[in-house]
Novice: 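Okay, handing you the structure first.
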Amino acid sequence: MRVLVTGGAGNMGREVVALLRQQGDEPIIYDRAETSDANARACTVGEITDRDALEHTMREHRVEGVVHLAAILQFGCEQDPLRAVDVNVNGTIAVLETARRTGVKRIVHASSIAAYGTTEAELHERSPIQRDVGMYGLTKLLAEALLSREGRRHDIVCRTVIFATVLSDRPVSSPGIAAAVAKIVGSAKGDNVTIGEVAAT
C-alpha cells in the first residue's frame with residue numbers, strides 16, 4: 001500500500017516510515033521540513049493546510065492511505081494558539097477533504113492523552129474529559145471529532161491512536177518534551193528525578 005505520512009520528517013514520523021517499509025508498504029513523506037529518508041518512496045515539502053499541494057502529492061503517488069502525524073505540539077500550541085488551530089484542526093480538515101477528493105479511504109490520526117486534561121485516574125478511551133484541557137488537547141479533541149464525523153459522512157475509515165508520550169533516541173525539537181523525556185530516561189536508569197511533584201527513583 002502507498003501511504004502518505006504527514007509530519008513524516010519528525011521523530012514519530014521517521015519511526016512510522018521505517019515500520020511501513022518493513023511491512024512492505026511504500027511510505028511517502030509529506031512535511032514542511034525538507035528531508036531525505038531511504039525508507040520513503042518519496043519526500044515532499046509542503047504545508048499541511050495547502051490542499052493543492054496535498055492533492056498533487058496524493059495523486060502523483062497514487063496514495064491509498066494516510067498516517068496523519070503533522071501537528072504543532074503542546075508547548076508550541078500554548079505560545080501560538082492561532083497557529084495551533086490552523087495546523088492541528090484546519091490541517092486535519094485539509095487531509096480529510098483531500099482524501100475525499102482523491103478517493104483515499106483510510107486515515108490513521110495521532111492524538112494525545114493531553115485531550116483528556118489533568119487527572120490522577122487511570123485513563124482509557126471512555127475516560128471523562130477534564131475542564132482544564134490545554135490548547136494542544138483542545139485541538140486534538142476537535143481533530144478527533146472531525147475525523148469521526150466526516151469519515152462517516154464520506155465513507156472514509158478513520159482511526160485515532162492516542163499516545164501518552166513518545167520516547168526516541170533522536171533529538172527532540174520541543175524543549176519541554178526533551179526535558180520530560182530526559183527525566184523519564186533518567187528514572188529508568190535509576191537516577192533520582194522529579195516528575196511533577198512526585199519523586200521517581
Side-chain angles (χ1 to χ4, degrees), residues 1-112 135-136 139-140 142-143 146-147 150 156 158-161 163 166 168-178 181:
M1 175 183 286
R2 295 186 179 184
V3 182
L4 187 72
V5 182
T6 71
N11 280 343
M12 187 186 297
R14 286 175 286 184
E15 297 294 341
V16 168
V17 166
L19 287 170
L20 287 168
R21 174 61 74 185
Q22 286 174 20
Q23 67 183 27
D25 293 312
E26 297 182 60
I28 297 98
I29 292 175
Y30 184 92
D31 199 293
R32 69 191 307 265
E34 189 170 347
T35 188
S36 61
D37 190 322
N39 289 309
R41 175 186 174 85
C43 301
T44 301
V45 177
E47 296 289 339
I48 196 61
T49 53
D50 188 340
R51 299 185 189 196
D52 290 339
L54 274 170
E55 182 168 352
H56 175 77
T57 302
M58 288 189 189
R59 291 193 187 281
E60 179 184 12
H61 297 287
R62 301 192 301 278
V63 168
E64 301 165 86
V66 177
V67 176
H68 179 39
L69 306 176
I72 302 296
L73 298 179
Q74 187 162 354
F75 298 94
C77 287
E78 297 299 334
Q79 293 170 356
D80 193 344
L82 289 178
R83 184 164 180 258
V85 170
D86 193 36
V87 172
N88 295 1
V89 180
N90 293 337
T92 300
I93 294 171
V95 169
L96 270 165
E97 178 61 18
T98 307
R100 185 188 66 79
R101 293 205 308 250
T102 58
V104 172
K105 292 296 185 181
R106 298 181 184 182
I107 298 173
V108 176
H109 167 242
S111 189
S112 167
M135 195 66 209
Y136 176 59
T139 62
K140 285 299 185 179
L142 186 49
L146 286 165
L147 283 165
E150 295 302 301
I156 300 172
C158 297
R159 297 289 183 263
T160 292
V161 180
F163 291 91
V166 178
S168 173
D169 58 357
R170 298 187 174 105
V172 179
S173 59
S174 167
I177 297 296
V181 168

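What you see is a predicted model; the values in this text were computed from it and never measured. In this chain, numbering begins with 1 at the start of the sequence shown.
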Novice: Take a 6.0 Å sphere around CZ of R32 and say whether it holds more than 12 heavy atoms from other residues, nucleotides or ligands.
Specialist: no
Novice: How far does CG of L4 sit from CZ of R106, to the nearest 0.5 angstrom?
Specialist: 15.5 Å
Novice: When rounded to the nearest 0.5 angstrom, what is the spacing between CD in E64 and OG1 in T102?
Specialist: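 Those atoms lie 11.0 Å apart.
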Novice: Decide if atom CZ of R21 counts as having more than 12 heavy atoms of other residues, nucleotides or ligands within a radius under 6.0 Å.
Specialist: yes
Novice: Under a 3.5 Å distance rule, please check whether N88 uses its side chain to pair with a backbone N or O of A71 as donor and acceptor.
Specialist: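 Flag not set: sc N88 to bb A71 has no pair under 3.5 Å.
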Novice: Could you tell me whether a side-chain N or O of D31 sits under 3.5 Å from a main-chain N or O of A9, the two making a donor and an acceptor?
Specialist: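 Answer holds: yes.
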Novice: Looking at N90, is its backbone amide N or carbonyl O close enough to the side chain of T49 to form a donor-acceptor pair, meaning the two atoms are under 3.5 Å apart?
Specialist: no
Novice: Look at the side chain of E78 and the backbone N and O of M135, then say whether any donor-acceptor pair between them is shorter than 3.5 Å.
Specialist: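 It does hold such a pair.
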Novice: For residues 33-44, dump all side-chain donor-acceptor pairs below 3.5 Å to protein atoms at least two apart in sequence or in another chain.
Specialist:
unit_1 : atom_1 : unit_2 : atom_2 : d
D37    : OD1    : N39    : N      : 2.8
R41    : NH1    : E26    : OE1    : 2.6

Novice: Roughly how far apart are L73 CG and K140 NZ, rounded to 0.5 Å?
Specialist: 8.0 Å
Novice: What closest approach, in Å, do R101 and R59 show between heavy atoms, and which atom pair accounts for it?
Specialist: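 Smallest heavy-atom distance, with atoms named: O-NH2, 3.0 Å.
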Novice: Could I get the full list of side chain to side chain contact (heavy atoms under 4.5 Å, CB included) partners for V16, not counting sequence neighbours?
Specialist: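 Side chain to side chain contact (heavy atoms under 4.5 Å, CB included) list for V16, sorted by chain: V5, M12, L20, V67, L69.
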Novice: Checking the side chain of R2 only, and the main-chain atoms of H61 only, is there a donor and an acceptor separated by less than 3.5 Å?
Specialist: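 Yes, R2 side chain to H61 backbone: donor-acceptor pair under 3.5 Å.
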Novice: What's the spacing between M1 CE and Q23 CD if we round to 0.5 Å?
Specialist: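 CD of Q23 is found 9.5 Å from CE of M1.
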Novice: Side chain to side chain contact (heavy atoms under 4.5 Å, CB included) with T160: which residues, sequence neighbours excluded?
Specialist: H109, S111, E144, L147, I162
Novice: Go through it in stages, so that I can follow the logic: the residues are L96 and H68, the test is side-chain contact (heavy atoms from CB on, under 4.5 Å), and I'd like the CA-CA distance, side-chain angles, deciding distance and then a yes or no.
Specialist: CA-CA 10 Å; L96 270 165; H68 179 39; over 6 Å; no
